[in-house]
Amino acid sequence: MDTTGKVIKCKAAVLWGPHQPLMIEEIEVAPPKAHEVRIKMVATGICRSDDHIIEGFLKTSKYPVILGHEGAGIVESVGSGVTCVKPGDKVIPLFLPYCGECRGCTEPKSNFCRKSDIGKNTGLLSDHTSRFTCKGKLIHNFICTSTFTEYTVVEETSVVKIHDDAPLDKVCLVGCGFTTGYGSAVNLAKVEPGTTCAVFGLGGIGLSVIIGCKVAGASKIIAIDTNSTKFEKAKELGATECINPKDYDNPIHEVIQQMTEGGVHYSFECIGNTDVMVSALLSSHVSCGTAVIVGVAPSVSILSFSPRLLLPGRTLKSALFGGFKSKKCVPELVTDLIAGRFNVDSLLSHKLPFKEINKGFDLLRKGESIRTVLEF
Ligand code: COD
Ligand code: ZN
Ligand code: ZN
């Protein structure tokens, strides 16, 4: 049945308010307006940032909301004026949009498009409305994507066509976790061959940083986590040493300094903990080290350290999505993945049917999963 131009009724996971389980509800998804695209989701990953909103650590969006920002699907229909994709195309929604016109898009070193809803937290599309309703209520959109639904509507600036052969259950990770970590190593830090790296936090993001450090040719990759069960995967992906801060009496940055003759070239914080951000800074070499903050700290946090830590020449940097311009890098990374340049299989720890989404969040909270991919 042709659904073009019609309202679609489908199932979605609705978050009615913080600290609540997601509810599988029947929702209505309006047809795409001009420059919008309606997508039939095929797979979506559960990212820690979605959990932060459920748990109320991150103040973002408005409730009720359909979360999810790491997914892949097939275009169902397009609104007028859309030329970048057509019905039937395999696509990845982009939580970091690319309009191609704003300062964030035109500056070569920036990737933060002004159309992003991160920090604005309107929970709406550009025309200040949403395409979702449930039980007569407006349901908000989440950072330009909302992938925890059988159908979603995004703006053309928030979607990109990918290779026809892409396995959607794997490449959905390119929509956030893999790209954020991998890009932080190869694009933001620009790790060079023969350098030393330290990666704090071995979830999906930290493990993707390790993949990037290895592809870039780092000679030493130290993996740090308070949960030693994460070490096996870290080693499999390229960590040369794994250390647990609980096994040492002295602070972990001192241990890393001793292991690396004064500190690593590149350190990465992939947890979202401000104390660990300072540890990562101290673990980087005093005059040639770079610390990269990848994790997102709770909205109220303040990072506090002496500016003298930077004075001798240390660098502290951060960016969303590995600093990549989303529309350009996502199709390239998908093609690289198909070509076998890297492998995301070991990040994909669990697969569940979409309806078991709350079980997927439980696995993440218990530290048992790396990435759970939900299939529709
Ligand atoms: N010291 C060492 N390891 C620790 C500590 C500590 N003090 N505390 C926790 N850990 C370990 C945990 O055991 C766990 O293994 C790991 O840190 C964190 O992993 P996860 O699985 O919780 O999280 P990830 O890998 O999914 O990472 C998510 C981030 C925490 C980095 C989160 O902030 C994020 O998704 N950042 C991406 C930034 C971004 O672009 N966000 C916008 C859309 S996501
Ligand atoms: Zn994410
Ligand atoms: Zn832009």
Side-chain angles (χ1 to χ4, degrees), residues 35-47 49-50 68-75 78 82-86 88-102 104-106 108-118 142-147 152-188 204-205 208-209 211-212 215 294 319-345 347-348 371 373:
H35 300 287
E36 293 177 357
V37 177
R38 190 158 61 182
I39 305 167
K40 184 178 199 308
M41 296 308 302
V42 173
T44 181
I46 293 182
C47 176
S49 305
D50 300 306
H69 60 283
E70 181 185 89
I74 294 173
V75 174
V78 299
V82 173
T83 53
C84 63
V85 295
K86 58 181 190 312
D89 282 350
K90 287 186 176 176
V91 290
I92 288 185
L94 306 170
F95 77 83
L96 195 55
Y98 178 84
C99 77
E101 289 164 6
C102 73
C105 288
T106 53
K109 288 187 178 173
S110 157
N111 70 343
F112 193 71
C113 176
R114 81 187 145 95
K115 282 190 149 256
S116 169
D117 202 37
I118 296 171
F142 178 55
I143 51 173
C144 306
T145 42
S146 291
T147 59
T152 189
V153 175
V154 301
E155 292 174 46
E156 63 184 341
T157 47
S158 265
V159 62
V160 71
K161 177 178 160 48
I162 54 169
H163 199 292
D164 289 336
D165 297 339
L168 298 184
D169 58 339
K170 289 185 189 178
V171 300
C172 61
L173 297 195
V174 176
C176 179
F178 173 74
T179 308
T180 299
Y182 182 80
S184 296
V186 306
N187 183 55
L188 188 58
I205 307 267
S208 301
V209 170
I211 297 175
V215 167
V294 188
L320 287 161
F321 210 47
F324 281 128
K325 290 193 190 287
S326 58
K327 263 218 188 201
K328 187 165 179 291
C329 88
V330 165
E332 288 174 2
L333 288 174
V334 168
T335 310
D336 285 351
L337 193 131
I338 295 171
R341 197 148 176 249
F342 44 76
N343 192 334
V344 295
D345 290 2
L347 303 177
L348 273 170
R371 264 299 192 269
V373 168

Visitor: Looking at T152 and S146, would you say the former's side chain and the latter's main chain have a donor-acceptor pair under 3.5 Å?
Guide: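 Pair found, side chain donor or acceptor close to backbone of S146.
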
Visitor: Taking K325 for the side chain and C105 for the main chain, is one N or O donor matched with an acceptor at less than 3.5 Å?
Guide: yes

Visitor: Pair K328, Y98 - check side chain to side chain contact (heavy atoms under 4.5 Å, CB included), show working.
Guide: CA-CA 9 Å; K328 187 165 179 291; Y98 178 84; over 6 Å; no

Visitor: If you compare all heavy atoms of R371 against all heavy atoms of L173, which two are closest, and at what distance to 0.1 Å?
Guide: CG-CD2, 3.8 Å

Visitor: I need the single residue from D89, V37, I39 that forms a side-chain contact (heavy atoms from CB on, under 4.5 Å) with V78. Which is it?
Guide: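 The single option meeting the side-chain contact (heavy atoms from CB on, under 4.5 Å) with V78 is V37.
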
Visitor: Please verify the inter-ring angle class for F95 with F321; under 30° counts as parallel, over 60° as perpendicular, anything in between as tilted.
Guide: perpendicular

Visitor: Looking at T44 and E70, what are the two nearest heavy atoms and their distance?
Guide: OG1-O, 2.9 Å

Visitor: Show your reasoning for whether side chain to side chain contact (heavy atoms under 4.5 Å, CB included) applies to S208 and L347.
Guide: CA-CA 8 Å; S208 301; L347 303 177; 3.4 Å; yes

Visitor: Calculate, to the nearest 0.5 Å, the distance between atoms CD1 and CG belonging to I143 and L94 respectively.
Guide: 11.0 Å

Visitor: Can you tell me how far the OG1 atom of T145 sits from the CG atom of D117, to the nearest 0.5 Å?
Guide: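 Interatomic distance, T145 OG1 to D117 CG, rounded to 0.5 Å: 9.5 Å.
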
Visitor: Restricting to non-hydrogen atoms, name the atom on Y182 and the atom on G212 that form the minimum distance, rounded to 0.1 Å.
Guide: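 Y182 and G212 have their closest heavy atoms at CD1-CA, 3.5 Å.
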
Visitor: So how far is it from H35 NE2 to T83 OG1, rounded to the nearest 0.5 Å?
Guide: 8.5 Å

Visitor: Please check this pair: side chain of S110 against backbone of F112, looking for a donor-acceptor N/O pair closer than 3.5 Å.
Guide: yes

Visitor: Can you tell if the side chain of C99 reaches within under 4.5 Å of the side chain of R114, non-hydrogen atoms only?
Guide: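 C99 reaches R114 side chain to side chain.
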
Visitor: Nearest 0.5 Å, what's the SG-CG distance between C329 and N111?
Guide: 8.5 Å

Visitor: Checking side chain to side chain contact (heavy atoms under 4.5 Å, CB included) for the pair V330/I162: CA distance, chi angles, key distance, verdict?
Guide: CA-CA 8 Å; V330 165; I162 54 169; 4.2 Å; yes

Visitor: Any idea which heavy atoms bring L96 and S326 closest together, and the distance?
Guide: O-OG, 2.6 Å

Visitor: Between V174 and V344, is there a side-chain heavy-atom distance shorter than 4.5 Å?
Guide: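 They are not in contact (no side-chain heavy atoms under 4.5 Å apart), so the answer is no.
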
Visitor: If we ignore hydrogens and angles and just use 3.5 Å, is the side chain of K40 paired with the main-chain N or O of V75 as donor and acceptor?
Guide: no

Visitor: Between atom CD1 of I46 and atom SG of C176, what is the distance when rounded to the nearest 0.5 Å?
Guide: 13.0 Å

Visitor: Could you pull out the closest heavy-atom pair between C144 and S158, with the gap in Å?
Guide: CB-OG, 3.2 Å

Visitor: Go through the steps for T157 and C113 under the test side chain to side chain contact (heavy atoms under 4.5 Å, CB included), then give the verdict.
Guide: CA-CA 10 Å; T157 47; C113 176; 6.0 Å; no

Visitor: Can you tell if the side chain of H69 reaches within under 4.5 Å of the side chain of S49, non-hydrogen atoms only?
Guide: yes

Visitor: Mark yes or no for whether D336, through its side chain, and R341, through its backbone, hold a donor-acceptor pair below 3.5 Å.
Guide: no

Visitor: Nearest heavy-atom pair of G68 and F142: which atoms, and what distance?
Guide: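 What the structure gives for the nearest pair is N-CD2, 3.7 Å.
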
Visitor: Using 0.5 Å steps for rounding, measure from the CG atom of D165 to the CG atom of L337.
Guide: 12.0 Å

Visitor: Hey, is the main chain of V159 close enough, under 3.5 Å, to the side chain of K327 for a donor-acceptor pair?
Guide: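 Indeed, once roles are kept as given, a pair shorter than 3.5 Å links the two residues.
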
